[in-house]
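Take a look at the structure set out below.
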Amino acid sequence: MQEAAPLAPKQPETLDSSDYRIVIEPSGKRVKVIFNGETIADSNRALVLHETRLPAIYYLPREDVALRFLRASDHRTYCPFKGTANYWNVEVGAKSAENAAWSYEDPIEEALGIRGYIAFYWNKMDAWFEEDQAVEIDPGEGLTEYSNPLAAWMLREAWEATSSAELLDRLGRQLNEAGFDISRMNVIIPTLHPQMASNAFVWRRGETVVDERDFPHYGLQSDAYLKSPLMPIFEGAGGIRRRLEGPNPPTDYPILADLIKEGATDYVAMPMRFSNGKINIFTLSTDRPGGFTTEHLGQIHEILPILSRLLEVHAMHRMSRTLLDTYLGAYTGQRVLNGLIKRGDGEDIPAVIWYCDLRGSTALADSISREDYLDLINRFFEAMAGAVLDRGGEVLKFIGDGLLAIFPMEKAGTSKEGKDMFCGRNACTEALEAARDALARMQDVNAALAEEGRAPLRFGLALHLGDLSYGNIGSSTRLDFTVIGPATNEAARIDSLTKELGVALLISEDFESYIPDSLVSLGHHRLRGVTGDKEIFTLPELAPTADG
């Protein structure tokens, strides 16, 4: 539905402002439109469209419009009872008006009378004439007072919903309490996620829970998407409406056959834009005999801007959560959302430190293509990070060919002195199981590489335990939420020792103290930059044997 441009004709007396209707009638006057000194349209056959609660609009026959001044644009809008509007820019000399004219080339039944007619925004044209008399346009003329119960509900109650699912559930119930007979309602919102292309919310009458679905990126190539009404709408084609009653209802989209089986009589899919211009989709189906009324669709269309903004708030929250989880990790991301955003914000925590890196990566990068190198390093990170995340650890960052992660200790109470007490055994147990899992995953990676005729990947992994400063560091405008402290440096030194000892996994004595008698000592070793020798351990199955 285009943004209505108020014109001179008054609303007809028969139009009841309590209902939502459109009325198309002949103007009976000669209408002329001027832009930059040129006559853009001049017609004795103008139609006037009156739409409830909106100013009247002149629609002019195409034959009476100077089409040479119109340039088609990509802009589209959709009205559920008039159809998709195509737009033109008006250009005369050096002056232009963007998307100043529109037309319904294939209107829906209620608006068939304006098929092919062209309308202009009154305030984008320089002058209007009726019977050669200049018309002074009042922007408020023709407007009527109204009370859309859905709009009142959106402003009064809908904002209380704390999620998109809750909002759709409340809206579906509200629509049917108002007599709309909605049988199914969908909202599809594209998202910024490494695995998911969009979020979908499906409300069905009679069900107590809104069905939330994630649509993966590869699904964009599936028949379910390519043959759905969604694709053309996302590509800017406007909306789609299909009446499903009668002996031969349309089934040009597979979803329509499913809806017909469910008893649906009408279906509409409408674009719903967010403030950044991104297109989302809102669909409705009803099993009401006769389908949707113009009044019902008009009331729904009026609330779409409000609904869109509420859904956008929820979508932005989900996107923020997703981006923080993806780039910072769930544990760290939650702290940022909780307000730890200033430089220096953070806390001191005891944790297991996981530090690993790929061996020989520099030579590897020089000997193979960029694509092959990225493939190999991502296989390595998938194995390592996947093992950490599956055991509740937090991947803090990827450092070149290395990975830094932590397993925070659980708080176990408060001492008599009022200090927090922590239990390290659980963190160490989970970290050790994650390390075993990572070693097994890397065996699978190397087996796959061997089948491809490629050399295995070599790596080192260190597990250490200590107190860390966990928070924001960096410049005032570019921060990194990470861990710093001696324990982090010691973990990196232990990882370097894996090269000297030829053992892929090394574990510190601080870590071993929480799970005694389960590891094998490799003796005491000096760590670069660390005072004193440190006892180093590994898994029994990795310990070197007497024969080497």
Side-chain angles (χ1 to χ4, degrees), residues 1-4 9 11-12 14-27 45-62 76-87 102-119 148 150 175 178-185 229 232-233 237-253 255-257 259-260 262-272 281-304:
M1 181 189 293
Q2 77 283 344
E3 300 166 1
Q11 297 279 8
T14 57
L15 191 60
D16 183 352
S17 64
S18 65
D19 296 328
Y20 204 106
R21 287 185 274 170
I22 59 173
V23 175
I24 302 170
E25 60 183 7
S27 164
R45 300 177 293 164
L47 299 178
V48 182
L49 184 144
H50 301 277
E51 185 171 343
T52 306
R53 297 190 282 274
L54 294 176
I57 303 289
Y58 273 132
Y59 279 83
L60 307 165
R62 187 181 297 265
R76 302 286 186 275
T77 59
Y78 182 71
C79 168
F81 46 83
K82 292 201 292 289
T84 297
N86 302 307
Y87 282 76
W102 71 90
S103 176
Y104 291 94
E105 301 299 300
D106 188 21
I108 296 172
E109 181 179 340
E110 288 91 331
L112 286 176
I114 58 171
R115 181 196 297 271
Y117 280 64
I118 295 177
N148 182 340
L150 294 181
L175 288 171
F180 283 64
D181 295 321
I182 304 297
S183 56
R184 190 155 90 168
M185 177 172 59
I233 296 178
I240 291 170
R241 184 178 179 188
R242 297 291 185 270
R243 296 184 183 275
L244 304 178
E245 282 183 310
N248 294 301
T251 56
D252 47 328
Y253 297 105
I255 183 64
L256 301 179
L259 292 173
I260 291 169
E262 295 174 7
T265 59
D266 207 345
Y267 169 81
V268 61
M270 296 176 281
M272 182 175 58
I281 297 177
F282 181 60
T283 78
L284 294 166
S285 58
T286 181
D287 52 12
R288 178 182 178 277
F292 291 114
T293 67
T294 299
E295 178 184 2
H296 284 167
L297 288 177
Q299 290 180 353
I300 290 171
H301 199 271
E302 283 184 324
I303 69 168
L304 279 187

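Side-chain atoms are counted along with the backbone in the values below, which use heavy atoms only and exclude waters and symmetry mates.
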For [X], check side chain to side chain donor-acceptor pair (under 3.5 Å) against everything at least two apart and list the hits.
{"X": "Thr286", "result": "none"}
{"X": "Asn248", "result": "none"}
{"X": "Glu262", "result": "none"}
{"X": "Thr283", "result": "none"}

Listed by chain and number, what are the side-chain contact (heavy atoms from CB on, under 4.5 Å) partners of [X], not counting sequence neighbours?
{"X": "Ile24", "value": "Leu47, Leu49, Ile114"}
{"X": "Ile108", "value": "Tyr78, Glu110, Arg241"}
{"X": "Ser103", "value": "Arg62, Trp88, Glu105, Ile118"}
{"X": "Pro249", "value": "Ile260"}

Any chance you could lay out the salt bridge (charged side-chain N to carboxylate O under 4.0 Å, His left out) test for Asp106 and Arg115, step after step, and finish with the verdict? CA-CA 6 Å; Asp106 188 21; Arg115 181 196 297 271; 3.4 Å; yes
Which residues pass the salt bridge (Lys or Arg N to Asp or Glu O under 4.0 Å) test with [X], not counting sequence neighbours?
{"X": "Asp287", "answer": "Arg205"}
{"X": "Arg76", "answer": "none"}
{"X": "Glu109", "answer": "Arg243"}

Is the backbone of Ala46 close enough, under 3.5 Å, to the side chain of Ser27 for a donor and an acceptor to pair up by distance? no
Here the gap from Ile240 atom CD1 to Arg242 atom CZ, rounded to the nearest 0.5 Å, amounts to 5.5 Å
Within this structure, what is the CG-CG distance for the pair Leu284 and Leu175, rounded to the nearest 0.5 Å? 7.0 Å
Could you work out, with ring-ring contact (aromatic ring centres under 6.0 Å, His included) as the rule, every residue matching Tyr253, not counting sequence neighbours? none
Worked verdict on Tyr117 versus Trp102 for side-chain hydrogen bond (donor to acceptor under 3.5 Å, both in side chains): CA-CA 9 Å; Tyr117 280 64; Trp102 71 90; over 6 Å; no
